[in-house]
Amino acid sequence: ETIGALRVEIENQLSHALSTPPIVNESLGVLSGNFVTAQPLGIHKGTDYQHTGTVRKINSDLIQKLTDAGSIVLLSPLGFSPSGEAFNLRYEDVASFTAKSLQADKLVFIHTDAATPTIDVDLQHLDDFIETHPEQKQLLNHIKAAMNNGVERVHLVSTETKDGLLLELYTRDGIGTMFNASLYENIRQATTEDVSGIIELIEPLETQGALIKRSRAQRALEIENVSVIERDEKFMACAAL
């Protein structure tokens, strides 16, 4: 009953937002339903967990069709078995399983724990991060499973930060913790294909007189002396020696 009441409240808030200028878009819908098939958790160490379950399957084909049509699909931590039973599920389990089924590029957890550090953690260092954050071990293990199953990036954003989601997604450094399955920041030798990006990066400094102006041809000739730092395939810095 609690989950049902919260779902209705979230649908109400989203519906209100979608009908408020400047967003107004009558073709957008907020849809929830029986997208999650569950199975009982069963008996563990002598305890019958009754109506607590785990995710068995996600109807990813239907979710994909609805999102392709421009709808917002709202999933709650409830699942239903083929025999008609309802099971209470862990939200982390639903989120990570859904991200895996949809082969999502990004999974974001907005949580109520203390503010998370603003850092980037790659998959190969995730176990070390889990060891130093035992209070979040269960959630972090779900994040690890999602990344091992093809989700490229997972973000942790705290509710303690005002507008945290917008800051995480639309600023260069973000405000939360981002986990990467692939290389995010890289230092490498520059190539001739990088000349335009390097010029764009240093042009303001040449205008200010902080750097001596050089022609594009000269930049290309000296490119083997240049290293670049790129983040998410965008230039952050360059240095010549």
Side-chain angles (χ1 to χ4, degrees), residues 1-39 41 51-81 84-116 135-136 138-143 145-146 151 153-171 174-179:
E1 289 176 353
T2 300
I3 291 170
L6 286 170
R7 188 183 71 190
V8 170
E9 177 63 22
I10 293 169
E11 286 178 351
N12 179 37
Q13 294 289 343
L14 287 171
S15 297
H16 173 68
L18 292 172
S19 60
T20 303
I23 298 175
V24 182
N25 189 336
E26 294 180 358
S27 65
L28 283 174
V30 182
L31 304 172
S32 55
N34 59 334
F35 300 105
V36 184
T37 302
Q39 58 191 6
L41 185 59
H51 290 286
T52 297
T54 59
V55 179
R56 182 179 180 181
K57 188 174 69 172
I58 297 286
N59 192 338
S60 55
D61 290 341
L62 180 55
I63 293 174
Q64 195 69 61
K65 288 176 183 176
L66 294 170
T67 54
D68 287 346
S71 295
I72 296 171
V73 176
L74 180 62
L75 300 178
S76 66
L78 280 180
F80 306 94
S81 71
E85 294 177 288
F87 290 98
N88 178 45
L89 310 170
R90 290 193 64 88
Y91 77 90
E92 305 101 315
D93 195 17
V94 175
S96 58
F97 205 103
T98 302
K100 181 189 82 169
S101 299
L102 293 174
Q103 286 296 285
D105 295 322
K106 193 182 293 285
L107 172 60
V108 182
F109 286 104
I110 303 173
H111 62 106
T112 56
D113 293 343
T116 53
E135 73 283 357
Q136 294 180 313
Q138 193 153 29
L139 173 58
L140 292 171
N141 280 329
H142 279 285
I143 288 173
V151 180
R153 293 182 185 165
V154 182
H155 298 252
L156 275 183
V157 182
S158 173
T159 55
E160 297 293 311
T161 305
K162 186 178 185 299
D163 300 324
L165 181 60
L166 293 176
L167 290 168
E168 177 68 8
L169 296 179
Y170 293 107
T171 61
I175 201 68
T177 305
M178 183 172 76
F179 302 92

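Keep in mind it's a predicted model, so treat the numbers as computed, not measured.
Closest non-hydrogen pair, Ile3 versus Ser76, comes out as CG2-CB, 3.8 Å. Smallest separation of non-hydrogen atoms from Leu89 and Leu78: CD1-C, 3.7 Å. Of all the heavy atoms in Val157 and Gly164, the pair that sits closest is CG1-C, 3.6 Å. Closest heavy-atom contact between Ser96 and His142: OG-ND1, 3.5 Å.
Ring geometry, His51 versus Phe87: the interplanar angle falls from 30° to 60°, so the pair is classed tilted.
Using a 4.5 Å cut-off on side-chain heavy atoms (C-beta onward), Val36 and Val55 make contact. Between Leu156 and Ile143 there is a side-chain heavy-atom pair separated by less than 4.5 Å. For the pair Leu140 and Phe179, the minimum side-chain heavy-atom distance is below 4.5 Å. Inter-residue side-chain proximity for Phe35 and Leu66 is flagged as met; some heavy-atom pair is nearer than 4.5 Å. Between Leu18 and Thr20, every side-chain heavy-atom pair lies at or beyond the 4.5 Å cut-off.
For the atom pair CZ (Arg7) and CD (Glu11), the distance works out to 5.5 Å, reported to the nearest 0.5 Å. Between atom CD of residue Glu92 and atom CG of residue Leu107 there is a gap of 10.5 Å, rounded to the nearest 0.5 Å. Here the straight-line distance linking atom CD1 of Ile63 with atom CG of Leu102 works out to 5.5 Å at 0.5 Å rounding. The CZ atom of Arg90 lies 8.5 Å from the CG atom of Leu139; values are rounded to the nearest 0.5 Å. Here Thr159 contributes atom OG1 and His111 contributes atom NE2; the two are 7.5 Å apart, rounded to the nearest 0.5 Å. Here the CG-OH distance, from Asp163 to Tyr170, works out to 13.0 Å after rounding to the nearest 0.5 Å.
Atom NZ of Lys106 is surrounded by more than 12 heavy atoms from other residues, nucleotides or ligands within 6.0 Å. The number of heavy atoms from other shown groups lying within 6.0 Å of CG (Asn12) is above 12.
In terms of modelled atom types and a separation under 3.5 Å, the side chain of Thr171 and the main chain of Glu168 share no donor-acceptor contact.
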